[in-house]
Engineer: 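I'd like to ask you about the structure that follows.
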Amino acid sequence: MKFSSLRRGLVMSGRVLLSIPFRALPTLLAAIVVSFLLLRLIPGDAVDVMASQVALSNESDIAKWRHDLGLDRSIGEQLLDYIVNLARLDFGYSHIYNMPVASLIGERLPSTCLLAGTAFVVAIILGILAGVISGYAKGGALDQLTSAVLLLLYSVPAFWTGLLLIEVFAVWLNWLPLGGSQSLGLDLSGAARIGDRLRHLVLPAVTLALFYIAVDARLVRASMLEVQNQDYIRTAIAKGLDRHTIVWKHMLRNALLPLTAVAGNRIGAMLGGAVTIETVFNWPGMGRLAFEAVLKRDFTVLTAILVLSAFFVIAANIIVDLIQVWIDPRIEH
Amino acid sequence: MPHVLSSSPVCPLPLLSFENVEVVYGQARERRKALDRVSFAIEAGETLALVGESGSGKSTLAKAAIGLVPISSGTIRLDGVDLAQRHRSVRALRSRMQMVFQDSGSALNPLQTIQRILETPLKIRGVPRPERLARIAEALEQVNLPTSILTRYPHALSGGQKQRVGIARVLLLKPEILVLDEPVSSLDISMQAQVLNLLADLQDRHRFAYLFISHDMRSVNFLSDRVAVLYLGRIVELADRAALQANPLHPYTRLLFESIPGQGRRHIELPSTEASGTETANTGCRFHKRCPLVTSLCREIEPNLHVTGHDHFVACHHAQTEQVASARVSRRAVNDLRAI
Amino acid sequence: MSRLIADIRGLSVHFGEHLIVDGIDFSIQENEILALVGESGCGKSTVALSLLRLLPDKGCTVAGKVLLGGRDILTVPENELNDLRGSAVSIIFQDPSTALNPVWSIGSQIVETLRRHRNISAKAARRQAIDLLDLVAIPDPHRRIDDFPHQFSGGMRQRVMIAMAISCNPRLLVADEPTTALDVTTQAQVLELLDKLRRDLSMSILLITHDLSLVADWADRVVVMYGGQICESAPTRSLFSAPFHPYTQCLLASIPPLSGGPTHRTGRLFEGPSAGVVTASAAGCRYAARCDRAEASCLSAKPAIFSVGAGSHLAACPVVKPSVSLAATVI
Amino acid sequence: MLALLKKAYLNNSLVSGATLLSVLAAVIIVAPFLYPGDPQSMVAPALIRPGEDARYILGTDGLGHDLTAELMHGAGISVMIGIGSVTVGVFVGTIIGAIGGYFGGLVDDLLTRLTELFQTVPTFLLVMALVCVFEPSLVVIIAAIAATSWVSVARITRAQFRTLRQRDYVLAARTLGYSDARIIVVEILPNAIAPIVANISLMIASAILLESALSFIGLGDPNVVSWGSMIAEGRDYMRSDWYLIAIPGAAIAATVFAFNLVGDGLNHVLNARASS
Amino acid sequence: MIMTGISRRTFNLGATAGMAGLLSAKRVLATPARGGVLTMLLAGEPIALSAIAYSGPTRNVSPKIQEGLVAFDLEGNPKPQLATSWWISPDRKTYGFTLRPNVRWHDGQPLTSADVAYSILTLKKFHPYGSATLVNVSDVETPDEHTAIIHLSSPSPALLGALRAEFSPIVPKHLYADKDPRTNPINNAPVGTGPFKFLNWERGSHITLVRNPDYWDQPKPYIDRLIFKIIADGNARVAAFETGDVDIGATPVPPNEVNRILRLPHLRSENRGYAWLGSLTFLMFNLERPPFDKLAVRQAIAHAINVPRMLDIIWYGRGVVTSSPIVPSLKPFHTDVPGYPYDLARANALLDEADLPRRSGGIRLRMDFDYLPYGDGYHQLAKYVRASLADVGIHVTIRAQDFGAYVRRLYTQRDFGLAQVSVANDYDPTVGVHKLYWSRMFRPGIPFSNGPHYHNPRADELLEAASREIDLEKRIAQYREFQLVVDQDLPHINLLSLDSYTIHHRKVRDHTVTVDGLAGNFADVFIDPSAT
């Protein structure tokens, strides 16, 4: 990296970061408002569910609870309060789970990050590999086979794949655990503990990754094919470069640009996908928490999850912008 | 030059005039002037050619004239009416000025038949169908196209045919002034002659005024009466074609002429730097970085366009050979000056 | 006669069912600029690409021979071909803005070429790249070597392309419309540069262009193509002073004069024949359909090439009878 | 046009995808005739295995519903949800994208922010929340999926319009005095439609997947049979009667595969044309 | 010590389960072994781990940590837990308890009568059932550290049964004082006197308890670690049993899988320990909404549903059909009532009579149906009802919703026509039956109250009398008449009392030693090393 490009990179990164208050923050704020209002539309509130657990409490009690939760105030006031609290990283108190939402999510977030992060990395790596192979052997038998398999992966519902994988690897072969994120009752430590966690991670991460491997590979293949027809590839061929250099140096870096562009929103998609995967694999993560929150009508938790997802997506997009600044020297604005 | 203005107070108005027109692209830090204080005038029946390299603002000027690009300051007048006004009458006035596009193919909607392409402008003006068909037939005849092409799609036509369809389409609206944005540069050389001849014939017949934008001095030589040389958004020289060819005053104009291939010169000594939109000189003459005659004056003060000979304007400190007062200025040039 | 650098024999290219290049023969001499001219679609760029075997493998069939230093480019094995590409023969393309990889610095792209063909260290390659940039008159090459293509203007990019193309001292440089995308002032500079390099490095240049005025200025010899066939081939002076083939004549006449001549007030430009008297056929002369002198015989067979004048002025038109009998020595 | 058809005919994925889809269409059409009435009526003993009884080729589920009838009726529902949501999504997305892309400026800024907003909230969470807010019924599910699917259409359309509005024929239309509405609808839209159309098939595929996931977690419309709800119902039986999951799952995969094939094929054919 | 009505009644119940008792006697022969980990399955995640203010899945966890004053053996006889002995005044309005000495909380503090008083009064105020079972508690007197005396405003036959750990945990006052017992974070990490101490709770995954080495009943408990694994998905629960991931669970798998997995050599089932649960599934009409205000329409709908077949198809026959509001297991109060047997002709005739003729498409009526969105089989039940009613020309639209929406729709908004509800009758009708029929329990906003808005003065009279009646025979007679009245009025169509059962690994021994089965304290559970 030479000085001029370093300087350009720093200047551009600075610009990306400077744009946060103007671009990312308003979007986040809008996401907060929309999530908040959307979930206030739901018929039935947390008190209804609490009341069902506390079967014979009386009307005045219910009214008092509503008051305690602030549910009897105007939406505007509630929203303002919510935003002010969010600024202090206070996501509210879940009366369903009986604990502050921040600590509830804090418990679940690492699991989901582990699951989604692993799937993300696996999908990117295998996706690029498969895409390159497919683009490499364009039109050949290998490409056709890879493309068909990828399209199939792209077409199968992930939860269904998960069920099948459990059936095969956990029940029939008994190689891997059925679900959960760790073996219970064994006081494992050190390497054994990590190994145990990894064994639990394999199936859900693979299930979640499979779909995105297909997505990434198709994207990479398409952009490889597009890049293949660019003049500069013809130049590279005319220079007498061998195929490996052309593919890995000249095509891939250009072909990866569209992939980085979608990587930011991928975080959001994976959080959504985690709902079914975590349910199937009994994975104690945020996706399942979201689903449970829907069932339990815990909109404090659900709003927090929506807001947090939006935050992650926005943050990821900023990171993507920064990465793009560095890998695409053309970005000047 | 206000004193010139006052000396000829009774000149009739030109058909089209640009008065200190500026077009600015981008915002804040990325602001870039595509056109900088451009002034000229065109009268009915004459052709003004605009020449310059890419990035000189030729196409921006064409688009500004036709209203496709908003101007940042200055005035464009058609028949004396300021086109910036938003009157209905101004919109009607606009159809008196039409444009022929550079890429003959891309100016025709690829999904519509020639019939539809030609009919729509008339249809939206409420021309009844029989009259539409008659006018289309007439226009096609003028551009030497058979009516059989009406059922075809643009991709089935040759480049020359497409360009003629484009010309026929503007003829239908009975314009008075045509903006020709490099009308032949995308055509093969054998087609170019046909289209240029056609344009010349149409001008003869309809007394069209042409604003002819080109980078090809050979077609400029054929089609123009006067030539304006544009450099990085400014007119640096404006003169009668023959006068310009005989006596180019601005160093850039000379460079332009000398660079034209096919003059039997094999080795031209040229400075190696070149223009680009981002390398505009901050102060002084915008050509000074490339100019062989550059002096410290050029680096500091931007020369204004001034009259040097018979209807010959130039913006160069080194071309200040004749006094303005003694310059021979025709009525036509007065219009130019009024604009300036 | 000087040495042959490249010899093209019976080159035919089919794209699917379309015959793009129809069995053409020509050769390139040492240290000359040979211009291949013709209008769009005449197959001249296809010829350029087949000289480096750059045509796509799929849907494209190439026949004939492209002999370069004794080896047939069209049949050498892939690895040997890659040794030749960029080293013995290199190419520059029409649009310098897309021909350079946008995400790598120009320095790395030149260095890469050098190191592919020369066994030198990265450091030495970099030094040499700077020298090359200096050679193609890029100002301040030490600084600019690490810049990216988009940071250069069009003409500068084409200079970088040229630097890359000549980095391994090729015997032949194919320049496919090298200045079409450039401004007229820049065009002159680039051609000037190419001509200078040809002399300094004693290489040959195949200049592919549609612009006859460029040809007049820069080429030593001209080959005129129409519809995939060669119509005429001659030393530049000879071609311009005595064009033989009806198509060449028409082309030359179509060039509007730069000054003087007819203007829109005084006359009209020469227009070629709008349509010939015969309809085209696949077998015969491609130009017949547009030719006002075409006869029935033009359709029956592909016209043979005749020597028609002094030196090596050759043409392929059976109607305009050659003054000299059939030339057995083909080009 | 003819060339386009010919190309389409020669495109492998398009042909195989279309073949699969026509089988699907045939199934949807004959379903009400072959199995009139509610597929969820209890016609038979529960849990007959596939192939065990000739009357119930694919067997019956835990409530004695004929799986064949459910599968065939479910095809219609799944495809209807797919097509319905995509129709709404494409309609909304095209309008928003077209307006933003054509006019640019402040309008575009606002609409772009709106699409960005929808992109920041994970699709599935949003659909889940929407279905939950308004209760799971066909209309709500279609609307909820549409509420997320318009975003991609809007982005594609906007990009197309931004490019195409600079094209000479659009500039020509403006200089010829065409109204904005006419330029958008008559001049630009037909030229912008190819990537949108190519995308539709892929969108239907993902809408079907989305619906199946919704049904799977129990947020489907309980009054109709969709393939997703069949899997959800079959899930409790999965350990012993795996066919209850395998059959609808395979049906989803095959249908989505077919739509994806067609989408890929269309992409290939239409984009090739656009680039040529 | 005075035998209460309750214990005598449950004794009768226990006698019917003599066979099971015999089996368990045989099992006792194995010597309990120390050590091992037991994994118990929970289908739903508890809200909190202390039952001080919560019911639901909490009931299975809390008793292991926090104990009650008394426990009940499998025959329904009370036995000491934290109270070593107790007495009841002749007017049945005063209950005295002597506390076990030298019992310490998990944090080392001693248990005192103040803890008991605090717990009972808190339970009365905040526990879901507390307000029914402890409604008559007027005061708790603590004459000394080890004596607690409960004063009642009127006799309360259901009181002693309520003092089990499952319903009435005794909690440490010193950790609750001045805090709202519902939101006290200690509920998530409870401190008790029980055989197991709380270790951690990973929400969405599991809860871990460890052996309390200082438990008062040495050498119990036997197992080192007790893990509750939370698996919501029915199919995953089956798989967890198959692979040995979990050892034990209460009614833990979908009905269709029970027979299959019980064929696996390592699994066993146990039917005891659910006698006091009394699950009842019924359909509830909204009597305020036409046409369900017409008796004929309600009768027609009842006649249109083939309940035995429903039981067979959905629950594989695991349960009993009952038309009574008091389930058969709740002896001696249950009475068989005539009910409305499956009879389509009769149903059609009744609908014709009710002026609901078949219109276009053969449809007489369109209606919505809401079902309880929790538990295995209710969704299928909805589909079954939908298909059944289609046969008599009633078009049903099933409404799926989450639990919150369901509760709000039925009990707050009252926007329903017919809905399926499942409740527990519990150990006494005053706990689980009164709230459903008593007109004073028509209280919109209160879940699982009198949802139909049923109001029959005679029924009210009978219920009010029965809640105070000390004489068992009189109570039985009151409830018999009540059941007949309700069957006539048909505000609910009572359908089924579904079986509950335990599935466990054969290595798990002595898990069911009290009437509350797996909701007991697990002090006796041990792992048979020879069976692992």
Side-chain angles (χ1 to χ4, degrees), chain A residues 42-59 61-63 65 68 93 95-100 104 107-108 111 163 166-167 170-171 174 177-187 278-286 288-289 291-292 294-299, chain E residues 37-39 45 47-48 53-56 58 126-132 135 180 182-185 187-188 202-206 208 224-225 227 229-233 235-236 239-240 242-243 245 373-374 401-409 411-413 435 441 443-449:
Chain A
I42 295 185
D45 55 33
V47 172
D48 286 315
V49 178
M50 285 166 69
S52 67
Q53 303 264 352
V54 189
L56 282 179
S57 48
N58 55 44
E59 293 89 337
D61 234 17
I62 288 180
W65 285 1
D68 289 350
Y93 189 87
H95 288 265
I96 304 291
Y97 284 92
N98 220 345
M99 62 194 294
L104 182 62
E107 274 181 11
R108 299 286 190 103
S111 294
L163 291 174
I166 290 180
E167 190 70 26
V171 181
N174 207 1
L178 280 173
S181 65
Q182 56 181 302
S183 296
L184 304 178
L186 309 172
D187 282 312
E278 292 183 355
T279 306
V280 167
F281 287 96
N282 215 42
W283 186 265
M286 234 169 59
R288 217 176 84 208
L289 181 65
F291 174 54
E292 285 164 9
V294 165
L295 291 189
K296 293 181 178 170
R297 196 121 293 232
D298 193 337
F299 58 61
Chain E
V37 177
L38 180 70
T39 309
E45 183 147 52
I47 290 181
Y54 297 93
S55 184
T58 307
F126 293 115
H127 192 272
Y129 293 85
S131 43
V135 65
D180 184 334
R182 289 172 304 199
T183 55
N184 191 341
N187 290 337
N188 297 337
E202 249 179 60
R203 280 181 177 70
S205 173
H206 63 278
T208 310
D224 287 336
R225 191 168 282 229
I227 295 169
K229 193 163 186 173
I230 302 146
I231 306 179
D233 174 40
N235 169 56
E242 284 183 76
T243 58
D245 265 20
Y374 240 55
Q401 54 220 324
D402 58 82
F403 189 57
Y406 166 86
V407 165
R408 189 180 186 85
R409 166 166 272 154
Y411 294 100
T412 305
Q413 296 171 332
K435 60 181 179 181
M441 282 309 298
R443 290 157 76 183
I446 307 292
F448 302 105
S449 54

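The chains referred to below are lettered A, B, ... by the order of the sequence lines, with proteins before strands, and numbering in each begins at 1.
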Engineer: Non-hydrogen atoms of chain A under 4.5 Å away: do they reach the side chain of E:Ala232, the backbone, both or neither?
Structural biologist: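 The backbone, not the side chain.
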Engineer: State the OG1-CG distance between A:Thr279 and E:Asp233, to the nearest 0.5 angstrom.
Structural biologist: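 Interatomic distance, A:Thr279 OG1 to E:Asp233 CG, rounded to 0.5 Å: 8.0 Å.
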Engineer: Sort E:Ser205 into side chain, backbone, both or neither according to what part of it lies under 4.5 angstrom from a heavy atom of chain A.
Structural biologist: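 For E:Ser205, backbone and side chain are both near chain A.
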Engineer: Check whether A:Ile166 gets within reach of chain E through its side chain, its backbone, both or neither, counting any heavy atom under 4.5 Å.
Structural biologist: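 Neither part.
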Engineer: Is the shortest heavy-atom distance from the side chain of E:Ile231 to the side chain of A:Leu178 under 4.5 Å?
Structural biologist: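 No, every pair of side-chain atoms sits at 4.5 Å or beyond.
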Engineer: Can you say whether A:Leu289 sits under 4.5 Å from chain E via the side chain, the backbone, both, or neither, judging by heavy atoms?
Structural biologist: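 Contact with chain E involves no heavy atom of A:Leu289 at all.
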Engineer: So what's closer than 4.5 Å to chain E heavy atoms on A:Tyr93: side chain, backbone, both or neither?
Structural biologist: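 Side chain of A:Tyr93 only, per the 4.5 Å heavy-atom cut-off to chain E.
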Engineer: Does any backbone or side-chain atom of E:Asp224 lie under 4.5 Å from a heavy atom of chain A? Answer side chain, backbone, both or neither.
Structural biologist: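 Answer is neither: E:Asp224 stays 4.5 Å or more from chain A.
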Engineer: Which atom names give the shortest non-hydrogen contact between A:Val171 and E:Ala239, and what distance separates them?
Structural biologist: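 Looks like CG2-CB, 4.4 Å.
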Engineer: Which one of E:Asn235, E:Leu38, E:Asn184, E:Ile230 has the most heavy-atom pairs closer than 4.5 Å to chain A?
Structural biologist: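 Looking at each of E:Asn235, E:Leu38, E:Asn184, E:Ile230 in turn, E:Ile230 comes out on top.
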Engineer: Distance from A:Asn282 atom CG to E:His206 atom NE2, nearest 0.5 Å?
Structural biologist: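 Taking CG in A:Asn282 and NE2 in E:His206, the distance rounds to 11.5 Å.
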Engineer: Report the residue from A:Glu107, A:Arg288, A:Glu292 that forms a side-chain contact (heavy atoms from CB on, under 4.5 Å) with E:Arg203.
Structural biologist: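 The single option meeting the side-chain contact (heavy atoms from CB on, under 4.5 Å) with E:Arg203 is A:Glu107.
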